[in-house]
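Please read the structure below before turning to the comments.
Per chain, numbering begins at 1; letters A, B, ... match sequence-line order. All figures in this text were calculated on a predicted structure; none of them were measured in a lab.
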Amino acid sequence: MKNLFVTYRRDSEKNPVYNIGPVRDFNADHVFDCGQCFRWRRLDDGSYTGIASGKIANVAYGDGQVRITGLFGTTEKTDVRDFWIDYLDLNRDYGKIKRRLKKDDPVMTSAIKEGKGIRILNQDLWETIVSFIISQNNNIPRIKGCIEGLARLAGDPIVGDKDEAYLVPKGNGRMGESVHGLYTLEGLQPYTIPSPEKLASMTVEDLAPVKLGYRAKYLIETAKTVCEKGLPGNMEELNALTGVGPKVANCIGLFGLGLTDSFPIDVWVARVMSKYYGFKEDDFDGMRAYAEEHFGEYSGFAQQYLFYHIRQNQ
DNA sequence: CGGCAGGCGGTTA
DNA sequence: TAACCGCCTGCC
């Protein structure tokens with residue numbers, strides 16, 4: 001545990017504002033736009049508002065401090081200390097990780113230069129399972145839309161003891177924001193991702209409005225498995241879930257179980273490994289072996305830097 | 001402009 | 001190895 005200090009004040013509108021520091025290696029765009037999460041939205045001021053584990057916050061970074069505000073549906077002070085600091089992975093030394101990955105690797109060096117503020121979020125396991133089953137063979141705007149739609153259809157409303165929750169930006173016409181709406185509190189209630197019990201009790205017909213396609217039955221099947229056997233605790237149990245193959249299992253392992261040696265290979269990572277490391281685009285075994293040998297316990301971080309790099313330069 | 005492939009942060013049978 | 005939901009983009 002590093003020595004992070006949390007300071008607290010209220011702004012002119014009486015909102016609680018928490019500043020956490022000293023924190024280096026943090027950039028909100030890098031953190032929330034490197035493909036690991038789907039419920040965060042960028043505001044005009046560069047901050048992000050999102051939902052995780054039924055809690056809502058607005059996160060920004062500046063002057064070596066992470067600013068958390070707009071808390072809602074939470075007990076505030078305790079949540080900053082007990083939830084958000086860990087969720088944002090603020091106790092991890094990314095300088096060490098980056099030095100190790102950059103060593104003798106010009107590709108990682110430039111990838112890290114580009115995504116230097118990436119942090120791997122410690123996300124709720126069940127929410128990660130749901131999110132990444134939905135993500136398969138799907139694109140990001142639609143994934144976001146499906147998750148919001150699922151939450152609204154089957155999740156629990158998130159209620160707070162005050163009115164001033166933070167808002168997401170006005171719709172910009174992109175899918176997932178215009179179709180399913182924004183989770184402002186002015187006219188639209190925010191919802192949690194539904195529990196395993198709730199999903200297990202539903203049918204494919206029930207979920208039809210969310211338009212998950214063939215993924216709906218995977219979700220229900222997996223929910224039933226979790227209700228019966230509990231949440232998965234390792235790669236083997238993840239791979240046994242319906243709708244969870246190698247790529248999705250690695251994503252869940254990395255984001256939901258903290259298995260930092262995971263190396264999810266999606267089309268983009270395959271592309272970057274082919275472009276810069278000389279692999280054939282379908283040589284997943286070769287890529288996995290390379291990651292294991294060269295990135296080792298930091299494979300997950302390497303994957304995030306590479307993913308962000310190729311997405312920025314596509 | 002309208003219709004129709006091609007593709008998507010893959011997995012299943 | 002092809003089929004798969006659904007919705008996007010690009011092409012004609």
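With hydrogens and angles ignored, the 3.5 Å screen pairs no side-chain donor or acceptor of Asp63(A) with any backbone N or O of Gln65(A). Judged purely by atom type and a 3.5 angstrom limit, Gln136(A) has no side-chain atom pairing as donor or acceptor with the backbone of Val248(A). Of the possible donor and acceptor atoms, one in the side chain of Arg215(A) sits under 3.5 Å from a partner among the backbone N and O of Asn137(A). Remark: side-chain polar atoms of Asp86(A) are not paired, donor with acceptor, to backbone N or O of Asp82(A) under 3.5 angstrom. A donor-acceptor contact shorter than 3.5 Å is absent between the side chain of Gln304(A) and the backbone of Gly115(A). A donor-acceptor contact shorter than 3.5 Å is absent between the side chain of Gln312(A) and the backbone of Glu114(A). In terms of modelled atom types and a separation under 3.5 Å, the side chain of His294(A) and the main chain of Tyr290(A) share a donor-acceptor contact.
A salt bridge is absent between Lys116(A) and Asp25(A); no separation between the charged side-chain nitrogens and carboxylate oxygens falls under 4.0 Å. With salt bridges taken as basic N to acidic carboxylate O contacts below 4.0 Å, one links Arg39(A) and Glu148(A).
Bounding nucleotides for the chain A contact on DNA chain B, 5' to 3', at a heavy-atom distance below 4.0 Å, are dC8(B) to dT12(B).
Between Tyr218(A) and Arg311(A), the one whose closest nucleotide on DNA chain B sits nearer the 5' end is Arg311(A).
For the pair Ile120(A) and Asp89(A), the tightest heavy-atom approach, listed with the atom from each and the gap, is O-CB, 3.2 Å.
With 3.5 Å as the limit, one finds no donor-acceptor pair spanning the side chains of Asp261(A) and Ser299(A).
Against DNA chain C, the stretch residues 239-259 of chain A makes no heavy-atom approach under 4.0 Å. Proximity of residues 262-298 of chain A to DNA chain B (heavy atom under 4.0 angstrom from any strand atom) is restricted to Asp266(A), Val267(A), Trp268(A), Arg271(A).
Between the side chain of Arg215(A) and the base of dC5(C), a donor-acceptor pair under 3.5 Å is found.
To the nearest angstrom, P of dG6(C) lies 15 Å from CG of Leu150(A). Look at CD on Gln136(A): it is 15 Å from P on dC4(C), rounded to the nearest Å. Spacing between atom CG of Asn137(A) and atom C1' of dA2(C) amounts to 13 Å, rounded to whole angstrom units. Computed from coordinates, the Lys211(A) NZ to dC7(C) C1' distance equals 11 Å when rounded to whole Å.
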Hey, can you pull the donor-acceptor pairs under 3.5 Å for the side chains in residues 199-207 of chain A, sequence neighbours left out?
unit_1, atom_1, unit_2, atom_2, d
Ser201(A), OG, Lys198(A), O, 2.7
Thr203(A), OG1, Glu205(A), N, 3.4
Thr203(A), OG1, Glu205(A), OE1, 3.4
Thr203(A), OG1, Asp206(A), N, 3.1
Thr203(A), OG1, Asp206(A), OD1, 3.4
Thr203(A), OG1, Asp206(A), OD2, 3.1
Asp206(A), OD2, Thr203(A), N, 2.8

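Spacing of P atoms, dA5(B) relative to dA3(C), comes out at 14 Å, to the nearest Å. With P as the reference atom, dT1(C) and dG9(B) are 23 Å apart, rounded to whole Å. Taking the P atoms as reference points, dC5(C) lies 24 Å from dG3(B), given to the whole Å.
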Fill in the dot-bracket string of DNA chain C, one character per base: . for unpaired, | for a pair to another strand, ( ) or [ ] for pairs within the strand, taking Watson-Crick or G-U pairs under 3.5 Å. ||||.|||||||
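Within the structure, every pair that satisfies the salt bridge (charged side-chain N to carboxylate O under 4.0 Å, His left out) test and touches residues 281-297 of chain A, not counting sequence neighbours, is listed here: Asp285(A)-Arg288(A).
Atom NZ of Lys102(A) and atom OG1 of Thr109(A) lie 6.5 Å apart (nearest 0.5 Å).
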